[in-house]
Structure formats: C-alpha cells, structure tokens
Amino acid sequence: ADSQKWILMATARAPTNIAVIKYWGKRDENLILPINDSISITLDPDHLSATTTVAVSPSFEKDRMWLNGKEIPLSGGRYQNCLRELRSRAGDFEDERRGIQIKKEGWNKLHFHIASYNNFPTAAGLASSAAGFACLVFSLAKLMNVKEELGQLSAIARQGSGSACRSLYGGFVKWTMGNEMSGRDSIAVQLANETHWEDLIIIVAVVSSRQKETSSTSGMRESVETSSLIQHRAKVVVPSRILQMEEAIRNQNFSSFARLTCADSNQFHAVCLDTSPPIFYMNDTSHRIINLVERWNRHEETPQVAYTFDAGPNAVLIAPNRKVASSLLQRLLFYFPPGPDNELHSYVLGDKTIL
Ligand code: 2P0
C-alpha cells in the first residue's frame, strides 16, 4: 500500500575527540559511568569525522547498519540502550503533504537503516567509536524529533561509547563523571568553543594501522579489576589535574597544558602496565616519539609540543602554533625518514591544516 512507501531521513556529522585527561575505568559497565572526569579536544570535522544517515520507513523489517558501505551486526546492547533512551524521548512527527504521521509511541514499532562513513581510513587504526556513536545518536535524535539539550543527548551517546559523549560539542570538552546512580549527571560540558585557542595544531602520527589487540572496553575492565594504581589515579591525581587543565585551557597556557597532557598520557599507560596481565598499547616507535619530544622540550626548557597516546601506538602531537608544528614535522621526517620500512605510515592533521 502507499502508506508503506514513505521514507524519512536525517544526516549528521560528528568529529572525533582526543582526550588530554584520559577516561579509563568504569564504575557501571552497563550505563557506562566512569571513575573519573576527563577532558578532550574535539577535532575539526574536515579531518577525522563520521557522517551518518539514518532512515526510517514502515517497509523496513529490522534495524540494519552499514559502516563504510559494509553491513555490520547491530546486535550489541549498546545500540539498543541508545535507541531505548531516544525512543522514550521521541516527539510526534507530521508531514501533511506526504500524509505521514508518527505519534510518539509510533517510533517503538518502526525500524531504522543506518549508513555511516568515516572520512579517514578505518585501516589507520584511529578511534572511530567516539565519532560514530555521537553521530548516530545525534542523527537519530533529529529524525525522531527528540527535543533535548545537547547535555542530555551526550548522556545517551555515552551509553554507546563513553568517549562519544565528548564528541557532541566542539572545542574543549569535559565529561563530568557525575554521582547519580541513573547516570543523568554523567554528561559532557563544553569548557570553551572551537574559536578558543585557535592556534593549536594537532598532528596524528600513524605508527600502526593494525587493529589494537586489547579493546578499550575490556582493557579498562581488567585495569579496574587488577590495578592498584588506577584507584590512586582516579581519586587523587585526576581531580587535581582536571582543575589545572581547565585553568591552562582558560589561560591558553601551553607549558602547563603540555606538561599535564604528557603526564596524563604516561600515567594512563602506566595503569595499563600495572594491569594483570599487563596491557601494552604503545610500541617501540611510540616510545621513540616520546623521547624525541621529551629531549626537544628539555632542550628548550619549556615544552614545545605535547604528546598523548590512546589505546594504540599512534601518537597525537599538539603544537602551540604553525611555526612549532612545521618544526615538529621536520623532526619527525628526520628521525622517521620515508622509505620501504618506515615506521610511520602517515600523518593526519587535526584542527587547522598547516601545509
Ligand atoms: C579517552 N579512551 O578518554 C580514553 C583514553 C582510550 C584511552 O575513551 O567502553 O571506546 O566504549 O566506553 O570510549 C576509549 O574508550 O570505551 C577511550 P567504552 P571507549 O579517550
């Protein structure tokens, strides 16, 4: 029948984010509630982002998803959790011209087709779940006429993947751990928008394009279960670092920002080493990059560049301006010359491009 023929669509784009104070460890696995606050920088969407189109039609028989054109299973409880939250907040939809009317409750019976693309090669081994879930939740919210503030949408994206909640805002973002059992207050807040501290340049040095061996989800679970350092980190170290980082960002104090960023990355990887069995996300090339930056920073007496590594060996390098960024690229090319067995695969530029 004609009533089966309509299709509604919504499209959104969300960038990935890079944590400078890391999220590592949950206090609630199902709701995805963290054991500490974290702070991140959202990248410019032109470089590393997900674009997702969601469609709904009475002719769809089940929910399906395609990532970069390839169908992937949607069985995961995380997707279902996000969908349930969105459905409970859905609004009425009416298009008189096309004769479409969906009541709030009507969304419960409809199925979705989701097509998502990353504008960077998945093979680069760069995190995509943050941008992916942020984008999925935002586009579904738009489609389903969900009228919620971004903060509440971030609490829904959080249930898809913790770090995703931070990708709903641009600029500098804090994920406050919250203390309610429901997770309602475990949301992202914007510390400063994307026009703040515009000179910062982010360079991702792709060390390995291989898929990481230990997923973040299981890695942080094992850390919470076996590391004693993680407790000290969450209770003592991070709370004071969060305050210092907020101040460094507010004042655009690069020295302080860089010291905190490097120290926090190193402590996160120390927690991984303190996990039993130990988790190694960085490799020899990652360590060589740390050395290169540390020696440079010590030589100049004040930090020139910050480094941070997530659950993999790729280096995220942050320079205070173009001049330092081009000097950084020169150094990287000198120590890791392009060639048949070069250790660095490529560079991805975040924020403003410099070439
Ligand atoms: C972060 N990472 O703050 C930290 C630093 C990796 C290292 O958030 O289980 O993919 O989906 O909540 O968000 C990666 O963890 O884990 C992450 P789930 P997620 O960016």
Side-chain angles (χ1 to χ4, degrees), residues 14-43 48 50 76-82 118 122 125-137 154-169 172-178 183 186-188 202 204 211-225 227 230 233-234 237-238 241-242 245 260-273 275 279-282 286 306-316 318 350:
T16 193
N17 71 77
I18 304 289
V20 291
I21 302 291
K22 305 290 188 195
Y23 149 52
W24 195 251
K26 298 183 184 70
R27 61 181 202 277
D28 184 316
E29 290 260 340
N30 183 46
L31 287 171
I32 310 193
L33 302 176
I35 58 170
N36 58 255
D37 293 352
S38 53
I39 293 179
S40 59
I41 305 178
T42 298
L43 300 184
L48 296 168
R78 290 171 168 211
Y79 166 73
Q80 296 302 338
N81 287 351
C82 291
N118 295 326
T122 334
L126 298 163
S128 57
S129 75
F133 267 107
C135 202
L136 175 64
V137 166
S154 81
I156 301 175
R158 187 203 74 229
Q159 296 177 57
S161 185
S163 50
C165 73
R166 298 185 309 233
S167 273
L168 282 175
Y169 292 100
F172 298 83
V173 183
K174 174 165 79 162
W175 173 12
T176 52
M177 60 182 285
S186 189
I187 61 171
I202 298 178
V204 182
Q211 198 77 22
K212 63 193 169 203
E213 281 170 36
T214 312
S215 79
S216 300
T217 306
S218 61
M220 67 177 83
R221 183 188 305 129
E222 286 160 21
S223 293
V224 168
E225 283 168 5
S227 166
I230 200 173
R233 164 173 171 74
V237 180
V238 173
R241 267 188 198 154
I242 289 278
M245 183 58 91
L260 290 162
T261 298
C262 298
D264 203 68
S265 172
N266 290 331
Q267 189 177 64
F268 154 50
H269 291 278
V271 164
C272 291
L273 202 58
T275 300
I279 303 165
F280 309 106
Y281 284 128
M282 295 193 288
S286 317
Y307 57 81
T308 187
F309 294 79
D310 288 322
N314 297 328
V316 177
I318 309 173

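Worth saying up front: this structure is predicted, and the values here are computed from it rather than measured. In listed order, ligands and their atoms are each counted from 1.
When the heavy atoms of Met220, Lys26, Arg158 are ranked by distance to atom 9 (O) of ligand 1, first place goes to Lys26.
Shown are Leu48, Leu168, Thr16, Val173; of these, the side-chain contact (heavy atoms from CB on, under 4.5 Å) with Thr42 is made only by Val173.
Contacts between Thr217 and ligand 1 below 4.0 angstrom, taking non-hydrogen atoms only, involve backbone and side chain alike. Here Ser129 has side-chain heavy atoms under 4.0 Å from ligand 1, and that is the only part of it that gets that close. Residue contacts with ligand 1, taken as heavy atom pairs separated by less than 4.0 Å, do not involve Gln159 at all. Contact annotation for Ser161 and ligand 1: heavy atoms of both the backbone and the side chain come within less than 4.0 Å of the ligand.
Near Ala19, with a cut-off below 4.0 Å to any heavy atom, the atoms of ligand 1 are 1 (C), 3 (O), 20 (O). Residue contact check: Ile32 has heavy atoms under 4.0 Å from atoms 12 (O) of ligand 1. Below 4.0 Å from some heavy atom of Phe268 lie the following atoms of ligand 1, by number and element: 7 (C). With ligand atoms numbered from 1 in the order given, ligand 1 contributes 9 (O), 11 (O), 18 (P) to contacts under 4.0 Å with heavy atoms of Arg78. Of all the atoms in ligand 1, the ones that sit under 4.0 Å from a non-hydrogen atom of Arg166 are 1 (C), 3 (O), 20 (O). The atoms of ligand 1 that sit less than 4.0 Å from any heavy atom of Gly162 are 11 (O), 12 (O), 13 (O), 18 (P). Within the listing of ligand 1, atoms 8 (O), 10 (O), 13 (O), 19 (P) sit less than 4.0 angstrom from a heavy atom of Ser163.
Residues Ile230 and Ile35 meet the side-chain proximity criterion, which asks for heavy atoms closer than 4.5 Å. Side chains of Glu29 and Val224 form no contact here, defined as non-hydrogen atoms less than 4.5 Å apart. Residues Ser186 and Trp175 have side chains in contact (heavy-atom distance under 4.5 Å, counting atoms from C-beta outward). Looking at Tyr281 and Thr214, their side chains come closer than 4.5 Å, going by heavy atoms from C-beta outward.
Using modelled atom types, no side-chain atom of Ser265 and backbone atom of Thr261 make a donor-acceptor pair closer than 3.5 Å.
Every residue two or more places apart in sequence or in another chain that forms a side chain to side chain donor-acceptor pair (under 3.5 Å) with Thr308 is listed here: Lys22.
For Tyr307 and Asn266, the side-chain atoms include at least one donor-acceptor pair closer than 3.5 Å.
Checked against a 3.5 angstrom limit, the closest N/O atoms of Lys22 and ligand 1 fall outside it. Taking any N or O of Asp310, backbone or side chain, none lies under 3.5 Å from an N or O belonging to ligand 1.
Under a 4.0 Å N-O distance rule, the pair Arg233/Asp264 qualifies as a salt bridge.
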